[in-house]
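The structure follows.
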Amino acid sequence: AISWQHPEEQLKYWQHDFSKPTLEEPMELFTDVMEKSVQVHRRKYLGHQTTPTLPVTVLSGALISLLNQGMGVYEMGMVGNTLEKILTEDLAQTLGYSAEASGFVTSGGSLGNLTALLAARAAVTKVWRKGYEEGLKPAVLVSDEAHYCIDRAARIMGFGDEGIIKVPVNDRFQLRTELLEEYYQKAVADGRQVICVVGCAGTTSTGSYDDLETIADFCKQYSIWFHVDGAHGAPAAFSTHYKYLVKGIEQADSVVVDYHKMMMTPSLSTALIFKRGSDAY
Ligand SMILES: *Cc1c(COP(=O)(O)O)cnc(C)c1O
């Protein structure tokens, strides 16, 4: 499923290809691109995180490219904007939310997690309107096993090294919830405002699910935003057999779910769901 090529060789190959006259017959180029890519559609492909896409999504991808609708303004993407609402609300129902929940689609889980943290910060600080006021030092509490994009999102938001507080995991790579209180109190003593706790519903390396119910209780106690990174694992909610893994997810203020991993759509496509739809604004 993969014929690996050194980056230097690959670069040379395509530089040469690029210098050739414009193709009138694109099939040669298409075949070449297919052969040099990872063959996720082949039987021998053993999944990393990106799955083979469902055949119908290949056709819808072509349709979308033809129509080329922007989504930034309603009238530029009337169908897409409407479907976005219906799809995310339907997913919210599957996760166990009430009718108040709603969301939107982002280009990937990394952007979804950043957007969720921005919403959390806007909800519990005045940063959105006033910027960083003297003495404000926001922080997030997150499992040591969380995806690197959470760390990066916090840095993008200006939290710095000390604003990402990593809580150790147990032997099943789940956040040790009994340590939350200690890490929280230490942050407060250091003058930090913990704005959010991030739970993992399927860690990237081991597929471990955090105890979401206990994290939800903790967040309620201190009025902290509870975000769940369910990029890979939240679709367990669709399975009668496995949905116990995401118990408590419906108590999260926000959840990220990648459509392009377990839900077999082309990448990147992610639902960001808010318990209170109005938080999306
Ligand atoms: C894949 C993944 C992400 C990042 O998602 P992208 O869609 O690749 O941006 C975030 N969190 C977890 C747990 C993931 O598995």
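On a predicted model such as this, the values are computed, not experimentally measured, just so you know. Whatever order the structure lists them in is the order used to number ligands and atoms, beginning at 1.
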Handout entry: All pairs passing salt bridge (charged side-chain N to carboxylate O under 4.0 Å, His left out) where residues 268-281 contributes a residue, at least two apart
Key =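 Output for this query lists D253-R276, R276-D279.
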Handout entry: Whether F274 and W225 hold their rings parallel, tilted or perpendicular, with breakpoints at 30° and 60°
Key =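 Aromatic pair F274/W225 classed perpendicular.
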Exercise for the section: Kindly state each residue pair satisfying salt bridge (charged side-chain N to carboxylate O under 4.0 Å, His left out) with at least one member in residues 138-165, sequence neighbours excluded. Expected result: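 Matches after skipping sequence neighbours: D151-R155, D151-K166, R155-D161.
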Handout entry: Which residues share a side-chain contact (heavy atoms from CB on, under 4.5 Å) with A231, sequence neighbours left out
Key =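 Per chain and number, A231 pairs via side-chain contact (heavy atoms from CB on, under 4.5 Å) with D229, V256, D258, K261.
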Exercise for the section: May I ask you to decide if the ring planes of F218 and Y184 are parallel, tilted or perpendicular, using 30° and 60° as cut-offs? Expected result: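 F218 vs Y184 ring planes: perpendicular.
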Problem - Heavy atoms of other groups near K12 NZ, more than 12 under 6.0 Å - result: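 Open: at most 12 neighbouring heavy atoms sit under 6.0 Å from NZ of K12.
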Problem - Within the 4.0 Å heavy-atom sphere of ligand 1, strictly under, residues - result: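 For ligand 1, the residues that come within the 4.0 Å heavy-atom cutoff are Q49, G108, G109, S110, N113, H147, C149, G202, T204, D229, A231, H232, D258, H260, K261, L268.
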